Amino acid sequence: MSGRRRTFPLVESLAGPGFPGRLRSHMPELRLYPTPRRLSLSGGTCAVPAAPTVHGCPPSLVATLATLGLADGGADAWIHCRIDPAVTEAEGHVVEVQPEGIRVAARTEAGLRWGLVTVGQLLAAGTGSIPCLRIEDHPCFAHRGVMLDISRDRVPTMATLRDLVRRLHLLKLNRIQLYVEHTVAYPGHEAVWRNADPITLEELAELGAFAAAYGITLDANQNCLGHWERWLRVPAYADLGEISKGTAVRPGWYTDPSTLYPGNPRAFRLVCDLLEQQAAVCPGSYVNIGCDEPWELGQGRSKERCDREGSPKVFSEWVAKVAGHVKSLGKRPQFWCDPHPREDDSLPKDLIALVWGYEAKEDFATRTRAHRRQGRPVWVAPGTGCWNSTTGRSDTHQGNLAGARDQGLAEGAEGYLCTVWGDNGHLQPWPVTLFALAQAAQASWGHGTFDAAAAGLRMLGSSDLGLWLDEVGRSDVVIRSGNGGAFHGPGQMVYNQTAFFTDMSRNVQDPNGPGDLAHWQEVAKTLDDLARRQPRVDDLIDRECAHGLALARWSTRRAILRRGQITPEQRQSLAEAMIDLVA
């Protein structure tokens, strides 16, 4: 902890025009995150008592008070809360720091919660006093959520999920989903999930209740068309698939059976059963039915109908049926709107389109605009960009998160759902994911700029770690950014992954791939420098960050060696090093 900085550069976005120069010295300690919409200093300071107390806080905020270390007090409490109809926005709040104490006003209990979180950040500097000021704030998106993939190998423990909820709450996020293909222990389907270490329905119910205490709603999530490979490989479910054996759905793209056959009534009954079970224990009013990437649709059992009527009609009919069942359960359905939409104009108007995309210059506007013109609600769904990596891609995820915010707000999106995918085994270290989620919180609040130091401080307890993780996520950018994102080889792209991950997947005796020898040697120097400068926070976070960096350094060493005449001894050395990393 000794390397953690206690002072930071001024965040000019907090200051604004006419910021009093004589008070600037108070601002570096604040690092409020997400950045408030309006902040003005009124002069002077307020002394912080040893044990701050709160008056007027509703019982629903008990968990927030406990997390912030605040005790409920009487009329002479240092912090006073009140519901004030004059605050116009539903989650809007006003925080006033005066010489004698703090006043928090909000239109709703949710607004009071986020106001108190801001107070907690003011107190976290631990200097004994804070500047007198006034903050007026509210989010741009009513729904600010996170979706965590629990189906591509990593299923989090309940302790991890509870810790995640507490962290998200301190960044003013208010919804969570767990992406499910086969990792919920649905009764009657043990053959599918038996070896997947699934979350039980009882645990989902427990998580929903726990999250509610922190102002976060758990919504159900079950993919209902594509990504069914773990089901379709089990003999009892194999006949539910569009195809019965693996196929190349397009040149160079082979897939095992992964898409349900929409014409099979038993497939629909199975989907309805799963949705009923999960929706019954998840308290949220939304159900994400997925339906993305049905790669084989129209290439197997539905080919004749798709050839005759068009695959968009077949797709939309299935989505509408599933959505109708969700509505019969009293919930609102959501579906993934693919970048190359398969739907036609017959989808229900009240179906919420989740417009997703993960690169820095993603087009969220076109699909958002198309669905809004149909009168359909839209949430934008950018991502952390950390999958297919052990380092993350800071430049990519920041561009992606900001682009979704800006385009979504411009086109009338109602929600913002940041996704954490686990493609190819969920290799990314947890701190890399948490850092990106902190920046998603800033984007989904709707205004202000990214601040890596503040993101690290508020999510992981260290501003230095935030700055370091931001650098780690850019360590291969010299390769990824070459030729506008292309490899330095002929006509290939580093897409949806780091250069480390891309290069590692190539045969060790193939000298081609992203970047040339000079670029990889430059990356190696960058990684060596980052390893020397890694901040120390706590043992687990330190080891997770070091391990992710070690995997990137291993990949870099391999990339350098295979661009020369790699020897058997060098290959043996690489293998032994990987055995240690796996262990």
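Values in this document were obtained by computation on a predicted structure and should not be read as measured data.
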State yes or no: are the ring centers of His189 and Trp231 separated by less than 6.0 Å?
yes
Between Val380 and Thr368, is any pair of side-chain heavy atoms under 4.5 Å apart?
yes
Which word best sums up how the rings of His397 and Phe435 line up, parallel for under 30°, tilted for 30 to 60°, or perpendicular for over 60°?
perpendicular
Output yes when a side-chain donor or acceptor of Thr419 lies under 3.5 Å from a complementary backbone atom of Pro382, and no otherwise.
yes
So OG1 of Thr498 and CD1 of Ile479: to nearest 0.5 Å the spacing works out to 9.5 Å
Min side-chain heavy-atom separation Asn496-Glu359 under 4.5 Å
yes
Tell me every residue that passes side-chain contact (heavy atoms from CB on, under 4.5 Å) with Asn223, counting only those two or more places apart in sequence or in another chain.
Tyr179, His227, Asp292
So, Thr160 side chain and Pro156 main chain: donor-acceptor pair closer than 3.5 Å or not?
no
Taking Asn221's backbone N and O only, do any of them form a donor-acceptor pair with Gln278's side chain (distance below 3.5 Å, no angle check)?
yes
Output for pair (Asn264 CG, Ser302 OG), nearest 0.5 Å, gives 11.5 Å
Is Asp239 paired with Arg266 through a side-chain N to carboxylate O contact shorter than 4.0 Å?
yes
Test item: Ser316 side-chain N/O and Pro312 main-chain N/O as donor-acceptor pair under 3.5 Å
yes
Flag, side chain of Asp470 to backbone of Ser394, donor-acceptor distance under 3.5 Å:
no
Contacts of Lys349 that satisfy side-chain contact (heavy atoms from CB on, under 4.5 Å) - sequence neighbours left out:
Gln374, Arg376
Looking just at side-chain N and O atoms, do Glu242 and Gln299 make a donor-acceptor pair shorter than 3.5 Å?
no
Chi angles and distances behind the side chain to side chain contact (heavy atoms under 4.5 Å, CB included) call for Arg405, Leu401:
CA-CA 6 Å; Arg405 173 195 63 199; Leu401 295 171; over 6 Å; no
Full working for side chain to side chain contact (heavy atoms under 4.5 Å, CB included) between Thr259 and Leu232:
CA-CA 8 Å; Thr259 300; Leu232 298 179; 5.9 Å; no
Flag the pair Leu437 / Met459 as yes when at least one side-chain heavy-atom distance between them is below 4.5 Å, and no otherwise.
yes
With a 3.5 Å distance limit and no angle check, can you tell me whether Trp295 reaches the backbone of Ala248 through a side-chain donor-acceptor pair?
no
Taking the six-membered ring for Trp, are His426 and Trp387 closer than 6.0 Å centroid to centroid?
no
Could you pull out all residues at least two apart from Trp356 that satisfy side-chain hydrogen bond (donor to acceptor under 3.5 Å, both in side chains)?
Asp338
For Glu181, does its backbone N or O pair with a side-chain atom of Gln222 as donor and acceptor, under 3.5 Å?
yes
Give a yes or no on whether the backbone of Ala552 and the side-chain of Ser555 come within a donor-acceptor separation of less than 3.5 Å.
no
Residues Glu411 and Arg369 bridged, charged N to O under 4.0 Å:
yes
Is atom NZ of Lys303 surrounded by more than 12 heavy atoms (other residues, nucleotides or ligands) closer than 6.0 Å?
no
Before accepting this row, confirm whether a basic side-chain N of the pair Arg269/Asp273 lies closer than 4.0 Å to the acidic partner's carboxylate O.
no
Under 4.5 Å between any side-chain heavy atoms of Glu296 and Thr255, yes or no?
yes
With the side chain counted from C-beta on, respond yes when Phe315 and Leu297 share a heavy-atom pair under 4.5 Å apart, and no when they do not.
yes
Rounded to the nearest 0.5 Å, what separates atom CD in Gln177 from atom OG1 in Thr217?
11.0 Å
Using the ring pair (Phe, Tyr, Trp, His ring centres under 6.0 Å) criterion, which residues pair with Tyr416? Sequence neighbours excluded.
Phe141
Compile the donor-acceptor pairs under 3.5 Å between side chains in residues 576-583 and protein atoms, sequence neighbours left out, one pair per line.
{"residue": "Glu576", "atom": "OE2", "partner": "Gln572", "partner atom": "NE2", "Å": "3.0"}

Going from OG1 on Thr157 to CZ on Arg154, what distance comes out if it is rounded to the nearest 0.5 angstrom?
11.5 Å
Nearest non-hydrogen partners of Leu329 and Ala279, listed with the distance
CD1-CB, 4.2 Å
Taking 4.0 angstrom as the limit, do Arg480 and Asp395 come out as a salt bridge?
yes
Write down the atom of Ser475, the atom of Leu530, and the distance for their closest heavy-atom approach.
CB-CD1, 4.0 Å
Does the distance from a Lys or Arg side-chain N to an Asp or Glu carboxylate O, for Asp503 and Arg506, drop under 4.0 Å?
no
Test side chain to side chain contact (heavy atoms under 4.5 Å, CB included) applied to Val537 and Leu460, step by step
CA-CA 8 Å; Val537 180; Leu460 295 162; 5.7 Å; no
Can you find a pair of side-chain heavy atoms, one from Val180 and one from Tyr186, that are under 4.5 Å apart?
yes
With no hydrogens and no angle check, is any side-chain donor or acceptor of Gln497 less than 3.5 Å from a backbone partner on Tyr495?
yes
So do the side chains of Asp476 and Phe501 get within less than 4.5 Å of each other, counting heavy atoms only?
no
Which distance, rounded to the nearest 0.5 Å, do you find between the CG of Asn400 and the OG1 of Thr384?
9.0 Å
Less than 3.5 Å apart, any donor N or O on the side chain of Ser151 or Thr183 sitting next to an acceptor on the other?
yes
Do Lys331 and Tyr286 form a cation-pi contact, if we require the NZ or CZ to be under 6.0 Å from the six-membered ring centre and within 45 degrees of the ring's axis?
no
How close do Ala381 and Tyr358 get, heavy atom to heavy atom, and via which atoms?
O-CE2, 3.7 Å
Closest heavy-atom pair and its distance - Leu260, Pro262:
O-CD, 3.2 Å
Ion pair check, Arg305 and Glu309, cut-off under 4.0 Å
yes
Close side-chain approach of Asp219 to Asn288, heavy-atom, < 4.5 Å
no
From Asp539 atom CG to Glu544 atom CD, the distance as rounded to the nearest 0.5 Å
10.0 Å
Between Glu229 and His182, do the side chains contain a donor N or O and an acceptor N or O under 3.5 Å apart?
no
Considering only NZ, NE, NH1 and NH2 on the basic side and carboxylate oxygens on the acidic side, decide whether Lys313 and Glu343 come within less than 4.0 Å.
no
For residues Gln428 and Ser389, is any side-chain donor paired with an opposing acceptor at under 3.5 Å?
no
Starting from the C-alpha separation in whole Å, work towards a yes-or-no answer on side chain to side chain contact (heavy atoms under 4.5 Å, CB included) for Trp379 and Arg175.
CA-CA 12 Å; Trp379 292 15; Arg175 304 201 85 90; 3.6 Å; yes
Is Arg342 salt-bridged to Glu293, going by a charged N under 4.0 Å from an acidic O?
no
Compute the ring centroids of Trp336 and Trp421, then answer whether they are less than 6.0 Å apart.
yes
Under a 3.5 Å distance rule, please check whether Arg230 uses its side chain to pair with a backbone N or O of Val192 as donor and acceptor.
no
By side-chain hydrogen bond (donor to acceptor under 3.5 Å, both in side chains), Thr366 pairs with (sequence neighbours left out) Asp363
Which atom of Ala63 lies closest to which atom of Ala213, heavy atoms considered:
CB-O, 3.4 Å
